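Letters go in sequence order (proteins before strands), and every chain restarts at 1. Owing to the predicted nature of the structure, the values given are computational and were not obtained by experimental measurement. These values consider heavy atoms only, across backbone and side chains, with no hydrogens, waters or symmetry-generated copies.
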Amino acid sequence: MKTSLFLYNSFSRIKEVFKPLDKKNIRMYVCGPTVYDRAHIGNARPVLVFDILFRLLRYLYGEDNVTYVRNITDIDDKINAKALQSGVNIESITEETIEWFHKDMDFLGALRPNYEPRATAYVSQMIEMITKLTSLSFAYPTEDGHVFFEVERFADYGRLSNKKLGELNEGVRIENEDSKRNPLDFVLWKPSTNEEPGWDSPWGKGRPGWHIECSAMAKDILGEQFDIHGGGIDLIFPHHENEIAQSTCSNDMKKFANFWLHNGFLKIEGEKMSKSLNNFLTVFDLIKRDFSASAIRYNMLSTHYRQPLDWKFERLAEAEKTLIKWNNKKESRNEVDLPKQVLNALLDDINTPLSIYEMHQLYKNEKFADLNKACAFFGFVPKGRKDHLPISPELSKKVNNLIKDRNNARLSKNFLLADKIREDLLGAGIIIKDSGQETTWELSTNLEIKKLKEL
RNA sequence: GGCGACGUGGCGGAGUGGUUACGCAGCGGAUUGCAAAUCCGUGGACACCGGUUCGAGUCCGGUCGUCGCCUCCA
């Protein structure tokens, strides 16, 4: 029986007991999306993983005692490129994308963070931090309007990602930016042309580099030190390494985040998800295909957050089935609680697969009230039934008529016809269930509207 | 080349020294006109080779294999 929360800290590379800096104000910062495109399921993984951690912290320490910040990156060259290419202005792109992001993540049942700061609202804080870094000689401006962080000045540089400066230098790509003192120095500020978004600064009109926003926003909202910093494992280097460098050096060398948590990567049907392979799967794609939020959550959480996750539709269908089974035993209201076995699993570095195992045990042992409570904690809510079906009322009526025909055939013992109707419906993605006097139906995951219309 | 992760039954996936994870699929049974759903039962695994130990998926060493980061990326 565990009594404390253990978390794997990427910084120390071991599981550690989580001790909050302030029990009355647990502070967590998670790197959020760059808003230029619809969120894909890779974006959804940290959202859902840290949603569970957020819920767990609230459960352990009280809802009002946890502050969760997830930033929105709305200054970025990918956004600029999209604006240039599409002819749509930057604000329209970011506003629309943020709206999509909220809709999609709300659909997934992720609790909104307490703060969702946007980079554009924190440029002055970034300039302030960069100014401080230059005045302390951790950073240097160049004649062409850049400001670089000088990695050699920070002795701990590379500690998070376990890299040594000398080794990094060997593999580094030589860029045109020969104004850098060291090829690994990273940009804090860069000059903008007239087409690019820019802000006035001591170094001329320009825009911030990517990393500085998180340091500035975290400091402004959470303070110089806070408990947990999270994000995808790909962000360890250089993003988080650079954040540590900037923040530590501009905050009197105080330790930045106490815990670093990183979620593993996501593949699709065995392949790396990438734009070049054209196997990008957005959350919106899943919604359109009528997968439930609960099944997506279940699927995402059935692999431990630090493991790589291979996204397969077969598993999603399996999740859907399990949840239907569980929801059929719904007894209590949506009271949130954690039965102790489920809690224990979560206390061990958020072992969600083990907690799901415990939920299967609760089902098996007919502890349905406990199961319901755990489901409520995980955000596994019943999928809307027939009123939610993505088929038209006409088709719905057609299905009902066919079922009526079939039942008549069954009454007259014409089982050949009855079975044919059932097979036809099944082929179109409608599953028939006879229970007692009543016949019900539901959609399978491979609904084919076209076939259904032809029946 | 550097750093790191991982290799468990058909698939998925826990388990850091001591009977069985478990889920899905399969098989057998109950139920059903037959199915579906549900319930009961059941076979099947720890990449390979050494070592430590009374005892190892679990610790140590080696081999093979897969993957990630080092460049924008959750």
Side-chain angles (χ1 to χ4, degrees), chain A residues 10 13 15 30-34 36-37 39-50 70 73 76-78 81 158 160-164 166-173 175 184 210 230-241 262-267 270-275 280 298-299 301-312 314-322 324-325 328-329 345 348 351-361 363-364 366 406 409-416 418-419 422-423 425-426 430-436 439-442 444:
Chain A
S10 303
R13 283 177 269 277
K15 270 187 211 172
V30 175
C31 288
T34 301
Y36 67 106
D37 216 344
H40 57 256
I41 54 174
N43 294 310
R45 168 114 108 144
V47 171
L48 292 179
V49 163
F50 290 103
R70 187 179 61 212
T73 300
D76 186 279
D77 287 349
K78 290 190 288 293
L160 174 72
S161 53
N162 195 26
K163 292 181 189 305
K164 296 188 179 70
E167 288 165 357
L168 275 171
N169 270 321
E170 285 170 21
V172 86
R173 197 182 273 188
E175 291 169 29
L184 290 169
W210 172 39
I233 196 167
D234 54 314
L235 295 179
I236 288 183
F237 190 88
H239 186 54
H240 290 161
E241 196 68 63
H262 293 99
N263 62 273
F265 238 62
L266 191 143
K267 293 194 293 183
E271 275 188 325
K272 183 184 170 167
M273 182 167 68
S274 76
K275 289 202 164 154
F280 248 65
Y298 183 105
N299 194 205
L301 298 170
S302 65
T303 297
H304 185 83
Y305 77 92
R306 285 193 279 123
Q307 296 293 119
L309 166 58
D310 196 0
W311 191 268
K312 290 183 174 170
E314 195 188 344
R315 293 182 59 187
L316 204 53
E318 192 182 312
E320 206 81 79
K321 266 173 79 171
T322 301
I324 288 169
K325 191 171 90 173
N328 284 340
K329 298 293 182 186
D348 186 10
N351 195 337
T352 51
L354 189 57
S355 55
I356 287 174
Y357 157 79
E358 297 294 357
M359 288 163 81
H360 279 288
Q361 293 302 301
Y363 179 88
K364 200 172 166 185
E366 302 186 359
R406 172 169 167 273
R410 287 171 73 207
L411 281 173
S412 54
K413 308 243 184 237
N414 185 353
F415 296 122
L416 229 66
D419 289 351
R422 186 176 63 206
E423 291 307 313
L425 282 170
L426 188 63
I430 306 286
I431 301 167
I432 301 291
K433 295 179 181 176
D434 300 322
S435 51
T439 299
T440 60
W441 58 276
E442 59 190 49
S444 78

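- Listed pair A/K267 / B/G68 fails the phosphate criterion, with no side-chain N or O lying under 4.0 Å from OP1 or OP2.
- As rounded to the nearest Å, B/C6 and B/C48 have C1' atoms that lie 16 Å from one another.
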Item to check | Pairing string, 5' to 3', for RNA chain B - Watson-Crick or wobble contacts under 3.5 Å, brackets [ ] where pairs cross, | to another strand | outcome: (((((((..(((.....[...))).(((((.......)))))....(((((..]....))))))))))))....

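- Spacing of C1' atoms, B/U58 relative to B/A14, comes out at 13 Å, to the nearest Å.
- You'll find the side chain of A/E358 reaches within 4.5 Å of the side chain of A/Q361, heavy atoms only.
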Checklist entry - In the 5'-to-3' direction, what one-character label does each nucleotide of nucleotides 3-13 of chain B receive under the scheme B = base within less than 4.0 Å of a protein heavy atom, S = sugar-phosphate only, - = no such atom? => result SS------SSS

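- Nearest heavy atom pair, residue A/S10 against residue A/H262, reads OG-ND1, 2.7 Å.
- Spacing between B/C69 and B/G26 at atom C1', rounded to whole Å, works out to 40 Å.
- Here the closest heavy-atom approach between residue A/R45 and residue A/F265 is recorded as NH2-O, 3.1 Å.
- Among the protein residues, A/G42 comes within range of the nucleic acid bases, having at least one heavy atom under 4.0 Å from a base atom.
- The minimum heavy-atom distance between A/F237 and A/S161, with the atom names listed, is CD1-OG, 3.4 Å.
- Rounded to whole Å, atom C1' of B/G15 lies 14 Å from atom CD of A/Q361.
- Using a 4.0 Å heavy-atom distance criterion, A/Y305 is classed as making no nucleic acid contact.
- Aromatic ring pairs are classed by plane angle as parallel below 30°, tilted from 30° to 60° and perpendicular above 60°; the pair A/Y298 and A/H360 is perpendicular.
- Between B/G9 and B/G62, the two P atoms lie 25 Å apart (nearest whole Å).
- Comparing B/C24, B/C70, B/A74 by their closest approach to the side chain of A/F237 singles out B/C70.
- In this structure, the nucleotide among B/A74, B/A14, B/G23 sitting nearest to the side chain of A/T322 is B/G23.
- Annotation: B/A25 and B/C11 have their P atoms spaced 16 Å apart (nearest Å).
- One finds the CG atom of A/L266 at 7.0 Å from the CH2 atom of A/W311 (value rounded to the nearest 0.5 Å).
- A/I356 comes within contact range of no nucleotide atom at all, as no heavy-atom separation falls under 4.0 Å.
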Checklist entry - Can you give one letter per nucleotide of nucleotides 25-33 of chain B, going 5' to 3': B for a protein heavy atom under 4.0 Å from the base, S for sugar-phosphate only, - for none? => result S-------B

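- A distance of about 29 Å separates the C1' atoms of B/A74 and B/U16, rounded to the whole Å.
- Comparing B/A36, B/C73, B/A14 against the side chain of A/D234 picks out B/C73 as the nearest.
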Item to check | A/R315 and A/T303: CA distance, side-chain angles, deciding distance, side chain to side chain contact (heavy atoms under 4.5 Å, CB included) verdict | outcome: CA-CA 11 Å; A/R315 293 182 59 187; A/T303 297; 3.3 Å; yes

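- Rounded to whole Å, atom P of B/A74 lies 15 Å from atom CG of A/L48.
- In terms of modelled atom types and a separation under 3.5 Å, the side chain of A/R13 and the main chain of A/L160 share a donor-acceptor contact.
- The side chain of A/H360 approaches B/G23 more closely than any other nucleotide in the set B/A36, B/G23, B/C72.
- The CG atom of A/L160 sits 16 Å away from the P atom of B/C69 (whole-angstrom rounding).
- As rounded to whole Å, 22 Å separates atom P of B/C22 from atom CG of A/L301.
- In this structure, A/F50 atom CZ and B/A74 atom P are separated by 14 Å, rounded to whole Å.
- A distance of 7.5 Å separates CZ of A/R410 from CZ of A/F415, quoted to the nearest 0.5 Å.
- Nearest heavy-atom pair across A/N351 and A/H304 is CA-ND1, 3.8 Å.
- One atom, CD1 of A/I233, and another, C1' of B/C72, lie 18 Å apart when rounded to the nearest Å.
- Atom CD1 of A/I324 is separated from atom P of B/C24 by 13 Å (rounded to the nearest Å).
- Within the structure, every side-chain polar atom (N or O) of A/N43 is placed at least 4.0 Å from both OP1 and OP2 of B/C73.
- Straight-line distance between the P atoms of B/A45 and B/C49: roughly 16 Å, to the nearest whole Å.
- The shortest distance between side-chain heavy atoms of A/T352 and A/Y305 does not fall below 4.5 Å.
- At least one side-chain heavy atom of A/R406 sits under 4.5 Å from a side-chain heavy atom of A/I432.
- Mapping A/Y298 and A/P46 onto RNA chain B by nearest heavy atom places A/Y298 at the nucleotide closer to the 5' end.
- Contact annotation for A/L235: backbone-only contact, meaning every heavy-atom pair under 4.0 Å involves sugar-phosphate atoms and none involves a base.
- Across all strands shown, A/K364 has no heavy atoms under 4.0 Å from either base or sugar-phosphate atoms.
- Nucleotides B/A35 and B/G29, compared at atom P, are 11 Å apart to the nearest Å.
- The glycosidic torsion of B/G7 lies more than 90° away from 0, placing the base in the anti range.
- With rounding to whole Å, A/H240 atom NE2 is found 13 Å from B/C70 atom P.
- A/T440 OG1 to A/D434 CG: the interatomic distance, rounded to the nearest 0.5 Å, is 8.0 Å.
- Look at A/F265 and the base of B/G68; the rings do not stack under the cut-offs of 5.5 Å between centres and 30° between planes.
- Looking only at side-chain heavy atoms (C-beta outward), A/E241 and A/K163 stay at 4.5 Å or farther from each other.
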